[in-house]
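Everything below concerns the one structure shown next.
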Amino acid sequence: MWRELDKAIFDSATRQIRDFERYRKDVQDENARRKRRSLNPPPLLEIVRPSRWNESPAFNPYLVRKRSASIAHAITEKLKSGTYVPQRPASFGVPKPSGGERRVNTYSIADEVISRRLYQSLMGKNSAKLSAHSFAYRNDRTPHDAISYIHNDIKNEHRLFVAEFDFSKFFDLISHEYVWETFSNLGIIASPLEKSLIRTFLAHPPSSADGLRNGKNMGLPQGTSISLFLANVAATPIDRSLERLGVGFARYADDTLIWSDSYEKICTASRILQEAAHEIGSPINFEKSPGIRILSKPEARPSEIEETKSINYLGHTLGLSSIRMRETAVDRIKKRVQTLIYTNLLMEPLRNNQNMDAITSNDRDYVTYVWQLRRYLYGPLSENDVRRFQHGTVPAMSFQGVMSFFPLVDHDKDLVELDVWIATQTWLALKRRQRLLATRVTRVPRTWGLSRSQLIQLKVVSGTTGEEIDLRLPSLRRIAGVIRLAVNTHGLASVSDGSDLYLYESN
């Protein structure tokens, strides 16, 4: 547990520093662009330090990295003597899509290193004791694996009974007594030190507002790695019961999707979930649990019970023959594109504050917009890269950009509609920009007065270097096709680990 602990703490702090420096540079670059576009001081973005850095030096990665050796030595001595106790975590709220917020703890850098090592050790020794249908918080499963498994299991069916269940405040209300009982029943392999550390994290601080329910300790501390392992342990008896019943299912933490061609089995599965909820101590959230429905193809005739043509799971909308992005994800993409359009093309003209020196024959602000849009959709890939992969061999690589969250989406109609929407919004914004600035320009930009189709395929030549500037609008359908080719060639693991998908959908 304490081997090379100083290096692990140093590396963890370095990653946080790298992330913050990247964020700070992005803010500084955007502010520089805003100043360049503006005649008068524009509204600038503020560099915000994480509030937890002010709570204790143990959260500040710059200070922790400097003292990593002494911190590691102190923790090692406490681990050996059995006196180690994590520092009180910082707490913050994460907005829920359904409203309200979820309280999440952030542990100090060194404490999270210990928690992560504990998680990795326990998972390495016990992954075979967990269900193959459990996809959350595992180094051998991802949300994309869950989507792929569900799709492959249901895609040849004409209709199925489906049931969706979500526990209410699963992490907050789960009984410690139940966790330890399940720990024992499953025969989880853990050393005395590991068990002691689990008790330490569960007991300090209390996991919920009151820390007690009917005299029993309750709740798993959100925001630390070990709670992820314990959550999977607690839900494993549910998985085993569903496996014995013979229904199809996938579980991501407390979010469970069940399907079967037998109405009797789906009803039994529903009863199993509700009985387990009572035993665990976390009730079913019926507002987020639609219950039993029939999933059918779009052309199917109406059925005798509630029917649906699709189900939402982990940021995707799944039908019997398609995988689509969930509508909330589509809305998120549109909102981001609208922000890029407004910031680059419309904000200063609408404020009558546009620096006309930026309006060259190629309109530097539009060049910036296309670059940022491409970065958002493609990651670091150029338009030439994507088109070359589209008609050739796609190497094994980890894709970036928004479609890396959705490597299995196969409903091209939605993607084409999004591409058309992006092109139309861009074209309309340029027309508005032209109306606002037409009387002030000395050189009419090449981007003005073009049709939408001309804008989509636009390439220009730099007036200073003579080199070609590729201003072709990026395409969600195009990059999605490339990512699908990569998945079919190299598998999901080589394309994206899916670790941020759930956060992307939830935040």
Side-chain angles (χ1 to χ4, degrees), residues 144 147-148 151 315-317 319 321-327 329-341 344-345 366-430 447 450-460 468-492 494-498 500-501 504:
H144 293 143
I147 298 299
S148 177
H151 176 66
H316 293 73
T317 295
S321 56
S322 67
I323 304 176
R324 306 166 68 174
M325 285 188 290
R326 192 170 178 174
E327 193 60 37
V330 174
D331 291 343
R332 191 183 299 272
I333 291 172
K334 288 183 175 181
K335 183 177 180 180
R336 177 59 177 159
V337 172
Q338 287 174 327
T339 298
L340 293 177
I341 288 173
N344 287 287
L345 303 179
Y366 183 73
V367 173
T368 299
Y369 161 70
V370 173
W371 178 84
Q372 290 182 344
L373 179 63
R374 186 179 296 139
R375 185 81 181 182
Y376 176 57
L377 301 187
Y378 290 177
L381 298 178
S382 69
E383 188 64 44
N384 284 335
D385 290 333
V386 172
R387 292 179 184 241
R388 184 175 69 254
F389 294 155
Q390 191 178 17
H391 302 291
T393 301
V394 184
M397 58 184 292
S398 180
F399 285 86
Q400 300 176 35
V402 69
M403 288 310 296
S404 67
F405 295 108
F406 305 99
L408 298 170
V409 166
D410 59 8
H411 200 269
D412 281 350
K413 182 181 177 182
D414 289 350
L415 300 177
V416 170
E417 289 178 355
L418 258 178
D419 284 342
V420 170
W421 181 87
I422 291 172
T424 301
Q425 294 299 309
T426 302
W427 179 68
L428 290 173
L430 278 177
T447 55
L450 298 179
S451 67
R452 191 178 63 181
S453 58
Q454 288 174 322
L455 196 65
I456 291 172
Q457 297 298 331
L458 181 63
K459 293 182 180 180
V460 297
E468 182 180 78
I469 303 175
D470 190 346
L471 296 181
R472 289 175 294 180
L473 290 180
S475 162
L476 283 159
R477 184 189 184 190
R478 195 150 45 242
I479 186 62
V482 169
I483 293 176
R484 282 202 299 269
L485 284 174
V487 169
N488 291 335
T489 303
H490 307 290
L492 275 171
S494 64
V495 175
S496 171
D497 65 6
D500 293 329
L501 171 61
Y504 180 85

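This is a predicted model, so every value here is computed, not measured. FYI, side chains are in, hydrogens and waters are out, and symmetry mates aren't considered; it's all heavy atoms of this structure.
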Counterpart residues, salt bridge (charged side-chain N to carboxylate O under 4.0 Å, His left out), relative to Arg375 (two or more places apart): none

Taking only residues at least two apart or on different chains, which pairs with a member in residues 416-430 satisfy salt bridge (Lys or Arg N to Asp or Glu O under 4.0 Å)? none

Could you report the tightest heavy-atom contact between Ser404 and Ile483, atom names first, then the distance? N-CD1, 4.1 Å

Going by heavy atoms in the side chains, are Thr426 and Arg452 under 4.5 Å from each other? no

Side-chain (Ser148) to main-chain (His144) donor-acceptor, under 3.5 angstrom: no

Looking only at heavy atoms, the pair that brings Thr317 and Glu327 closest together is OG1-N, 4.4 Å

Please lay out, stage by stage, how Leu430 and Tyr369 fare under the test side chain to side chain contact (heavy atoms under 4.5 Å, CB included). CA-CA 11 Å; Leu430 278 177; Tyr369 161 70; over 6 Å; no

Determine the minimum heavy-atom distance between Pro474 and Arg478, stating which atoms define it. C-NH2, 4.3 Å

Determine, step by step, whether Asp385 and Tyr378 satisfy the side chain to side chain contact (heavy atoms under 4.5 Å, CB included) criterion, reporting the C-alpha distance in whole Å, the side-chain angles of both residues, the deciding distance to 0.1 Å, and the verdict. CA-CA 10 Å; Asp385 290 333; Tyr378 290 177; over 6 Å; no

Do Trp427 side-chain atoms and Ile456 backbone N/O form a donor-acceptor pair below 3.5 Å? no

Heavy atoms only: give me the nearest Val460-Leu471 pair and the separation to one decimal. CG2-CD1, 3.8 Å

Heavy-atom distance under 4.5 Å between the side chains of Met397 and Phe389, does that happen here? yes

Does a side-chain heavy-atom distance below 4.5 Å link Arg387 with Arg472? yes

When you look at Ile323 and Phe406, which way does the side chain to side chain contact (heavy atoms under 4.5 Å, CB included) test go after all the steps? CA-CA 9 Å; Ile323 304 176; Phe406 305 99; over 6 Å; no

Provide the closest heavy-atom pair for Lys459 versus Asp470 in the form atom of the first, atom of the second, distance. CG-OD1, 4.1 Å

Tell me, please, which residues at least two apart from Asp331 pass salt bridge (charged side-chain N to carboxylate O under 4.0 Å, His left out). none

Might you point out which heavy atoms bring Pro407 and Leu492 nearest each other, and give the distance in Å? CG-CD2, 3.9 Å

Decide side chain to side chain contact (heavy atoms under 4.5 Å, CB included) for Met403 and Met325; before the verdict, give the C-alpha distance in whole Å, the side-chain angles of both, and the deciding distance to 0.1 Å. CA-CA 10 Å; Met403 288 310 296; Met325 285 188 290; 4.2 Å; yes

Any side-chain heavy atom of Gln372 within less than 4.5 Å of one from Asn344? yes

Inter-residue atom distance Gln457.CD - Ser451.OG, 0.5 Å rounding: 10.5 Å

